[in-house]
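Step one of this worksheet: look at the structure below.
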Amino acid sequence: MFGLFKKKPLPPEPPTQFPPTPDWQPQISQPLDRIAERIRCYTNGTRDFAVFTHGTVAILPHGLNDINAKEHATQALHQVLHSHPDMNPLSMKDGNILIQYKHDIASLVLSDIADQNWAEIDKQYLRALATSEVLITPLGHNTFDDFGKKALFGRCFMFMDAQAPKIVHIERHDG
């Protein structure tokens, strides 16, 4: 009967990015030598680790040569990006925030850099959520205190490194 009962086509869904990533890619940079120094301190100089362009670090198994170390670090970061990137932010004694992920991947927020750029972090932190992401905190859904805002800021660097992984330095343990 003139198409009265014919199903209407659904409008096309907007394209989704997989894996979901944040909209915010901070233009703030942190000194990689200081990140390496802090990670070396936090591991008591007993672990090798790779440092990516934006400061993400991958803790490495002992005994890997440079080629295998880069392969291991890049694969570990890939696995974090392509699974749910759960983060575990820790407040360190020196005031920095260490953000741990699965597969021995971590990001570090240097406290003085966060303090110097607080206005930008406070303004942009919700853009640090991945597409359609909801994080539940003690304050509520996608409601963050200053610590949480800084952790989201630091997590952006992991996403940036995971989308274009490039290792800039491999740090070898003492001894």
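As a basis for the values below, the full set of heavy atoms in this structure was taken, side chains included, without hydrogen atoms, waters or symmetry mates.
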Inset, instruction - Could I get the full list of salt bridge (Lys or Arg N to Asp or Glu O under 4.0 Å) partners for Asp104, not counting sequence neighbours? - result: none
Inset, instruction - State, to 0.1 Å, how close Leu60 and Ala73 come at their nearest heavy-atom pair, and which atoms those are. - result: CD2-CB, 4.0 Å
Legend entry - Considering all heavy atoms, the nearest Leu32-Thr53 contact: CD1-O, 3.6 Å
Inset, instruction - Could you pull out the closest heavy-atom pair between Pro20 and Phe159, with the gap in Å? - result: O-CE2, 3.7 Å
Inset, instruction - Give a yes or no on whether the backbone of Asn96 and the side-chain of Asp94 come within a donor-acceptor separation of less than 3.5 Å. - result: yes
Legend entry - Exercise: identify the closest heavy-atom pair between Asn142 and Glu133: ND2-O, 3.2 Å
Legend entry - Heavy-atom neighbours of Ile67 CD1 exceed 12 at 6.0 Å: no
Legend entry - Sequence-distant partners of Asp115, side-chain contact (heavy atoms from CB on, under 4.5 Å), two or more places apart: Lys150
Legend entry - Set of salt bridge (Lys or Arg N to Asp or Glu O under 4.0 Å) partners for Asp23, sequence neighbours left out: Arg127
Legend entry - Ring geometry between Tyr125 and Phe144 (parallel below 30°, tilted from 30 to 60°, perpendicular above 60°): perpendicular
Legend entry - CA sep, side-chain torsions, deciding dist, call: Asp66, Arg172, salt bridge (Lys or Arg N to Asp or Glu O under 4.0 Å): CA-CA 10 Å; Asp66 285 358; Arg172 300 298 181 173; 2.4 Å; yes
Inset, instruction - Answer yes or no: are there more than 12 heavy-atom neighbours, outside His141 itself, under 6.0 Å from its atom NE2? - result: no
Inset, instruction - Kindly give the heavy-atom pair with the smallest separation between Ala36 and Glu171, and that separation in Å. - result: CB-OE1, 4.3 Å
